[in-house]
> 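What follows is a single structure, and I will ask about it in a moment.
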Protein chains: 2
Amino acid sequence: MPNVRLRDVAERAGVSVRTVSNVVNDFAHVAPATRERVHRAIDELGYRPNFAARQLRQGRTGVISLVVAEIDSPYFAELASVVVRVAESRGWDVHIDQTDGDPDRERRMLSGPLGQQVDGVIFSPWALAPAELTQRAPSTPLVVLGERQAHGQVDHVAVDNVAAAHAATAHLIDSGRQHIVAVGLQPHLSNETALLRQRGYHRALAAAGRSPDPRREIAVERLHRSDGAQAVARLLQDGTTFDSLFCFTDQLALGAIRALADQGLKVPDDVAVVGFDDIEDGRYAVPSLSTVAPDKRQIAEVALQLLEHRIQDPAAPVVDFVAAHELLIRQSSSPVTINPRDAGVS
Amino acid sequence: MPNVRLRDVAERAGVSVRTVSNVVNDFAHVAPATRERVHRAIDELGYRPNFAARQLRQGRTGVISLVVAEIDSPYFAELASVVVRVAESRGWDVHIDQTDGDPDRERRMLSGPLGQQVDGVIFSPWALAPAELTQRAPSTPLVVLGERQAHGQVDHVAVDNVAAAHAATAHLIDSGRQHIVAVGLQPHLSNETALLRQRGYHRALAAAGRSPDPRREIAVERLHRSDGAQAVARLLQDGTTFDSLFCFTDQLALGAIRALADQGLKVPDDVAVVGFDDIEDGRYAVPSLSTVAPDKRQIAEVALQLLEHRIQDPAAPVVDFVAAHELLIRQSSSPVTINPRDAGVS
DNA sequence: TTCCTAGTTTGCAACGTTGCAATACTGTCT
DNA sequence: AGACAGTATTGCAACGTTGCAAACTAGGAA
């Protein structure tokens, strides 16, 4: 009998439907005896409030959703995990939705059925243009993670990608690396995050009086480990000289390290590698991976706070929050003590 | 104006509410002219069907959910990703929900609001006892992944853990390893999966005429990399001799490899390592990780098929499906060609 | 012309819940 | 005794949709 209704409980307890509703919702003025009787009827019948009816009536669900492109990408998985925990602690239930970077599905998450099942959405866009995000004004409250936003149009949380990439590159320069390759451009996606990291990389080079070299800026299709491995393969094949890699994600970096190992190149001795994201794999990789660590906890907390704010007051001014990050230097880019030669590869 | 209703569209198009509903639902007998007019009104007003009302009326949502303990565990993340893609291709939308292994939250996913927002649940239980799963008969259609089930009470998909663990252990024996340590028991959780893998390990030992040794069976708190690293630390500290590890998950194995590297032990030369799950990290790790690969695609497809079946016919007989697996031998356990000594560690 | 059929459109009711506001009850105070 | 305050309980309507079955239209067959 999945269909026990308020009405059935009411009949059984000998009270009105409304009284049962009052009991269920902990309304103040219910006589203890009545409350007791209703509770017993509820237990006996196994009553469960119908969620759809409730939502229809009051227009709220108590659920928010987190929309990401790929849940099997460790950065998103780890971030999702934190978001769920933070939200849980504040009384929200959380759905995670995966779009595979498909624009249709991204759209659907915002305005389709799934967007309607929730009171708000934390969204890490991939394919959807900023314009689309903002013109859907009438829809669900929204907070955007990562770059790719229409500045000042939607609440937004991200690290300072330029500064972070600058720091990572500067660290390689300071450790005496001469030929630093940037891995992770995505010209085909007009991926704003990649552009910002590239800019930070350029600025660090410029600050050291070096000029960028197109051969040392590698584009990738996606951001998986295989793309990082391919990037290294291409470098070696083209005969480009390099002694260090700044990879725009840890996954790229781990794939690159793997490819380097296959070629007998040592990390960090021959090639230093720095990634971005601080995923767990990197901490336990051999060698452990230097990386830029965004403060995931802060990102999750602020995103949720902004979303709650937005739900409460849809007209509040838009917030653009810059989350903290930290450069973690581990083995993959530690200064080489013995034989610190300028290990080139032709 | 988020509140455009069927009624508003009807007024604008000069037809009845019912006709608009017919158009929205692609009912056959609607005059082309009318349909056209209604569509225009819909576009002009930006009408979106109210999902809650629809669900209330027809009792279906078109959404299923996948409930896992930890979405940041790569195995679950990868599996989730596949499930979402398969479901998507069959016209379902999918929510992913994370419980952190909290029994309350696991329960809530099944019978609480979230359970009601969906037509069915694919559930990878952690803390919830089998009994609880089955006694909630009146609730959402359910398919259980992984072991820990009440056999024959709920539809269920899992690999043959005993056979898989047997194969992994036998492989180590066949490559000449003498002291094989099993890492990943979880006595505190009565984790059935771990028990089955332990059984397979025992049987392989027995088949080779060896007897199990409690010192070579390491319990862990959780299944993270850090637990694998700790297990190795404990072995070394206790002075237990070993030349190979069979880790019950890839994460444990990767943590173990990391700890071995820190101690200057070479994999596979000094210690061979085999994991379980075939997560992407293992494929790109240095050295690449040998592992038991469950057929995730098959698991996802069968689980979904069973769920659809169950939704359609709640009274159908219960199915227990054994998914395929494969032992993938990579670098971490490849027979050592040069100097294949029995590298012991005291 | 009338009847019938197929095509088109519609009104009514109901899904299960809660907001609103009215009513009934109890006891206290004047 | 009557008025009043507060507590307890209730009926009605509405949230936005779709199932049902009736009603209306036109066109062709009898």
Side-chain angles (χ1 to χ4, degrees), chain A residues 1-39 41-42 45-63 111-113 115-117 119 138-140, chain B residues 1-39 41-42 45-63 111-113 115-117 119 138-140:
Chain A
M1 318 296 126
N3 294 339
V4 183
R5 298 156 301 165
L6 230 35
R7 205 175 127 188
D8 303 311
V9 177
E11 253 164 48
R12 175 113 179 182
V15 295
S16 77
V17 171
R18 197 55 248 250
T19 297
V20 180
S21 173
N22 285 338
V23 171
V24 171
N25 293 289
D26 284 322
F27 181 67
H29 301 305
V30 178
T34 312
R35 163 166 284 132
E36 164 63 22
R37 199 142 33 91
V38 171
H39 270 139
I42 286 177
L45 296 174
Y47 167 77
R48 298 257 160 221
N50 179 307
F51 193 68
R54 210 174 240 187
Q55 178 183 354
L56 176 59
R57 193 63 245 258
Q58 35 185 35
R60 305 192 129 249
T61 64
V63 180
S111 37
Q116 286 191 26
Q117 284 191 306
D119 295 339
S139 191
T140 322
Chain B
M1 317 300 124
N3 295 339
V4 183
R5 297 156 302 163
L6 230 37
R7 206 176 125 189
D8 302 313
V9 178
E11 253 165 46
R12 176 114 179 184
V15 296
S16 78
V17 172
R18 197 57 248 250
T19 297
V20 179
S21 174
N22 284 339
V23 171
V24 171
N25 293 291
D26 282 323
F27 180 68
H29 301 305
V30 177
T34 312
R35 164 165 285 132
E36 164 64 21
R37 199 142 34 91
V38 170
H39 271 137
I42 287 176
L45 296 174
Y47 168 76
R48 297 258 161 222
N50 180 307
F51 193 69
R54 209 173 240 186
Q55 179 183 354
L56 176 60
R57 194 62 246 258
Q58 35 185 38
R60 303 190 130 250
T61 65
V63 180
S111 38
Q116 284 192 27
Q117 284 191 305
D119 295 338
S139 192
T140 322

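Proteins get letters first, then strands, A, B, ... in listed order; numbering begins at 1 in each.
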> Using heavy-atom distances to pick each residue's nearest nucleotide on DNA chain C, tell me which of B:Ala53 and B:Arg35 is more 5'.
B:Arg35
> Side chains of A:Val63 and A:Gln117, heavy atoms from C-beta outward: is any pair under 4.5 Å?
no
> How many Å lie between CZ on B:Arg7 and P on D:dC15, as a whole number?
7 Å
> How many whole angstroms separate atom CG of A:Leu45 from atom P of C:dG16?
14 Å
> Could you give the distance from CZ (B:Arg5) to CG (B:Leu45), rounded to the nearest 0.5 Å?
11.0 Å
> So which protein N/O to nucleotides 5-8 of chain D N/O distances come out below 3.5 Å?
{"from": "D:dA8", "atom 1": "OP2", "to": "A:His29", "atom 2": "ND1", "distance (Å)": "3.4"}

> Tell me whether the side-chain N/O atoms of B:Arg5 come closer than 4.0 Å to OP1 or OP2 in D:dG16.
yes
> Please check the phosphate of C:dT10 (OP1 and OP2 only) for any side-chain N or O of B:Thr19 closer than 4.0 Å.
yes
> Tell me: CG of B:Leu6 to C1' of C:dT10, nearest whole Å?
13 Å
> Can you tell me the distance, in whole Å, between the CD atom of A:Gln55 and the P atom of D:dT17?
13 Å
> side-chain contact (heavy atoms from CB on, under 4.5 Å) with B:Val38: which of B:Asn22, B:Val30, B:Val24, B:Val15?
B:Val15
> What pair of heavy atoms forms the shortest contact from A:Arg37 to A:Gly14, and how long is it?
NH1-O, 4.3 Å
> If you go through the side-chain atoms of A:Arg18, does one of them form a donor-acceptor pair with the base of C:dG19 closer than 3.5 Å?
yes
> Pick base, sugar-phosphate or nothing for A:Tyr47, based on heavy-atom distances below 4.0 Å to the nucleic acid.
sugar-phosphate
> For the pair made of CG in B:Asn25 and C1' in D:dT18, what is the distance, rounded to whole Å?
7 Å
> Under 4.0 Å: is that the gap between some side-chain N or O of B:Arg54 and OP1 or OP2 of D:dT18?
yes
> For A:Ser21 and C:dT17, is the shortest distance between a side-chain N/O and OP1 or OP2 below 4.0 Å?
no
> For the residue pair B:Leu56 and A:Ala53, what are the closest heavy atoms and their distance?
CD1-CB, 3.8 Å
> To the nearest 0.5 Å, how far apart are CG in B:Leu6 and CD1 in B:Ile42?
8.0 Å
> Just verifying a value: how many Å separate B:His29 NE2 and B:Arg35 CZ, rounded to the nearest 0.5 Å?
11.0 Å
> Given the structure, check if the side chain of A:Arg57 and the base of C:dT17 hold any donor-acceptor pair shorter than 3.5 Å.
no
> Classify the nucleic acid contact of A:Asn22 as base, sugar-phosphate or nothing, counting any heavy atom under 4.0 Å across all strands shown.
base
> Counting side-chain heavy atoms from C-beta on, which of C:dG16, D:dT10, C:dT10 comes nearest to A:Leu56?
C:dG16
> CD of B:Gln58 versus P of C:dA14: gap in Å, rounded?
18 Å
> Please check if any side-chain donor atom of A:Arg54 sits under 3.5 Å from a side-chain acceptor atom of A:Asn50, or the reverse.
no
> Could you tell me how far apart B:Arg48 (CZ) and D:dT17 (P) are, to the nearest whole angstrom?
13 Å
> Just how far, in rounded Å, is P of C:dT8 from CZ of B:Phe27?
10 Å
